[in-house]
Amino acid sequence: MLKYKALRGTQDILPEEMPLRRQLEETVGRKMKFYNYLEIATPTFEHTGLFVHSTGADTEIVEKQMYTFLDKGGRSLTLRPEGTPPVVRTYIEHSLGMKKPLQKLFYSGAMYRQENPQAGRLRQFHQFGAEAIGSIAPALDAEVIALFLDICEDLGLKELSLQLGSIGCPGCRPPYREKLLGFFADKYDLLCANCRERHQRNPLRILDCKNPSCRRMTEDAPSMLDYLCDDCARHFQELKAHLNTLDIEYRINRRLVRGLDYYTKTVFEVVSPQLGAQDALGGGGRYDGLIEELGAKPTPAVGFAAGIERILLAMEKEDCPSPELCHPKVYVASMEEEAKRLAVRLLQKLRTKMISADTDYLDRSLKSQMRAANNLKVVYTVIIGQEELNKGKALVRNMESSQQEEVEIENLCDYLVQVLNQNQ
RNA sequence: GUGAGUGUAGCUCAGUCAGGUUAGAGCACCAGGUUGUGGCCCUGGUGGUCGGGGGUUCAAGUCCCCUCACUCACCCCA
């Protein structure tokens, strides 16, 4: 029995799974470039207070999901549970707003939340995300949404649903909240246990309950969308207009609620019907109050975060094309000491000429070496033994055609470079 | 944190209901069939404290308890 296993909710990524991840990473980087978002990276741990004051002290994430610890100086630190607060902290700390009025940034990395793991939900998981800080333009909300959908489509995902909503601003949300409380006043006893708790703390969340009876009850509950202030309503209208011009389909979700405190106005979620319970591939929205909340001058912003493992799951379910592991081009099979020394020299030369190559380090029979070459799917196998050494030549076998010919040992490398280039 | 289901070879799984020789198959891996040539085929081999611990029994992969992990769902969210 293995003494130490990967911790609950963490995952080893094996060689076969890497190509697909790399592809995703490459797609993200490429698309971000086209939309002019620049990459940044922030530390994996921060002062605990950063998340308490941005994500929100009352949120599930901060209340019970953070990996928080004291360092030797007695400071409370936390492994980042999400990417937005660190990015905003960086934006403020390095006065990025002074360098450019609008900063468009993206990141990709591991996040940590101590939840109960299930399909599409890990304790260490990976997110990429974009944050556009400095503009209130609804067109920017649309760009951020378009960017995320563009990435998903480039990866081959087809069955996606964009859920759109608005949760207002500090101006219009409190009055709406009162309205909602009024609506539930005579229904309190009919709510499920969870919702009764929500009633005290965050009544908006009742709208998000999946309990069928709560659902039915909230059907004709007032929606935030009907109580938006003029500013928020106009913003929402303009965003929808922009999405229409971009031919982006969306579904208005009158009860879309986010679990993070900093959202204002626009909220959205991209959902895959392939996925089951954890079906949100990504989500985001506007957070016009966060920068000020963290001590800088008021600055509007909008962004999204996406779950890499969830996207990977969805790609698998939709049979998206996945890149193959790459194979070396040449295998050098050799017998006897002298030939093996020659093989090592040849390998070195090939590699400096940018040709991937490998050989046998297990002192196996020629037959085994040929099998190894076959499993590696190489294009050519070079065979060097005593006979060849005597002649000063080596055999070069084309693995597909099974044709092989003798080549002067001195010319081996140049010969292989030449034939491999012809093939391409 | 709660509920249900599942843990047998590197992988996919038989065997568990009705306890009883030395725990099996396919794939993968290794070797041989050709004393120097891959794929297909044939033969053989390596590999398991049956998730872990405890209990019942003459006897436990099989029954009971605990524990850990995974899966699904609640919850939450990416």
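Order of the sequence lines fixes the chain letters, A, B, ..., with proteins taken first and strands second; residue numbering starts at 1 for each chain. All figures in this text were calculated on a predicted structure; none of them were measured in a lab.
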Inset, instruction - Determine which nucleotide pairs with B:rA23, using a 3.5 Å limit on both distances of a Watson-Crick or G-U wobble pair. - result: none
Inset, instruction - Look through every strand shown and name the nucleotide pairing with B:rC29 as Watson-Crick or G-U wobble, where both distances are under 3.5 Å. - result: B:rG45
Please determine whether a side-chain nitrogen of the Lys or Arg among [X] and [Y] lies less than 4.0 Å from a carboxylate oxygen of the Asp or Glu.
X        : Y        : result
A:Arg89  : A:Glu46  : yes
A:Lys340 : A:Glu337 : no
A:Glu388 : A:Lys393 : no

Rounded distance (Å) that lies between atom [atom2] of [N] and atom [atom1] of [X]:
X        : N      : atom1 : atom2 : value
A:Leu122 : B:rA69 : CG    : C1'   : 14 Å
A:Arg123 : B:rA78 : CZ    : C1'   : 17 Å
A:Glu336 : B:rU35 : CD    : C1'   : 12 Å
A:Tyr112 : B:rA78 : OH    : P     : 17 Å
A:Leu362 : B:rA31 : CG    : P     : 8 Å
A:Tyr331 : B:rG36 : OH    : C1'   : 15 Å
A:Leu147 : B:rA78 : CG    : P     : 17 Å
A:Lys317 : B:rC72 : NZ    : C1'   : 11 Å

Contact class for [X] (heavy atom, under 4.0 Å): base, sugar-phosphate, or nothing?
X        : answer
A:Ile311 : nothing
A:Gln386 : base
A:Gly129 : nothing
A:Glu269 : nothing
A:Leu281 : sugar-phosphate
A:Ala373 : nothing

Inset, instruction - Could I get the full list of side-chain hydrogen bond (donor to acceptor under 3.5 Å, both in side chains) partners for A:Arg345, not counting sequence neighbours? - result: none
Legend entry - Residues from residues 7-21 of chain A lying under 4.0 Å of RNA chain B - heavy atoms: A:Arg8, A:Gly9
Legend entry - RNA chain B contacts made by residues 56-68 of chain A, counting heavy atoms under 4.0 Å: A:Glu60, A:Gln65
Inset, instruction - Please determine if a side-chain N or O atom of A:Ser365 lies less than 4.0 Å away from the OP1 or OP2 oxygen of B:rG32. - result: yes
Inset, instruction - Establish, with yes or no, whether the OP1 or OP2 oxygen of B:rA73 is under 4.0 angstrom from a side-chain nitrogen or oxygen of A:Gln118. - result: yes
Look at the side chain of [X] and the base of [N], then say whether one donor and one acceptor between them are separated by less than 3.5 Å.
X        : N      : result
A:Arg121 : B:rC76 : yes
A:Gln114 : B:rG1  : no
A:Gln369 : B:rU37 : no

Legend entry - Donor-acceptor contact below 3.5 Å, side chain A:Ser161 vs main chain A:Val271: no
[atom1] spacing across the pair [N] / [M], given as an integer number of angstrom:
N      : M      : atom1 : value
B:rC13 : B:rC50 : C1'   : 13 Å
B:rA69 : B:rG51 : C1'   : 7 Å
B:rU22 : B:rG39 : C1'   : 37 Å
B:rG53 : B:rC68 : C1'   : 10 Å
B:rG61 : B:rG20 : C1'   : 13 Å
B:rC77 : B:rC66 : P     : 33 Å
B:rC63 : B:rA18 : C1'   : 11 Å
B:rC29 : B:rU12 : C1'   : 16 Å

Inset, instruction - Please name the residue in the list A:Val407, A:Thr381, A:Ile383, A:Val330 that meets the side-chain contact (heavy atoms from CB on, under 4.5 Å) test with A:Val396. - result: A:Val407
Inset, instruction - Write out all pairs satisfying side-chain hydrogen bond (donor to acceptor under 3.5 Å, both in side chains) with one or both partners inside residues 134-157 of chain A, taking only residues at least two apart or from two chains. - result: A:Arg30-A:Asp154, A:Lys31-A:Asp150, A:Tyr35-A:Asp150, A:Tyr37-A:Glu143, A:Lys104-A:Glu143, A:Asp141-A:His235, A:Asp141-A:Thr266, A:Asp141-A:Arg286
Inset, instruction - Measure up the A:Tyr287 and A:Tyr263 rings against each other and bin them: parallel (under 30°), tilted (30 to 60°), perpendicular (over 60°). - result: perpendicular
I'd like a list of close polar pairs between nucleotides 3-8 of chain B and the protein, N/O only, cut-off under 3.5 Å.
none

Inset, instruction - List the protein contact pattern of nucleotides 39-46 of chain B with one symbol per nucleotide (5' to 3'): B for base contact, S for sugar-phosphate-only contact, - for none; contact means a heavy-atom distance under 4.0 Å. - result: B-------
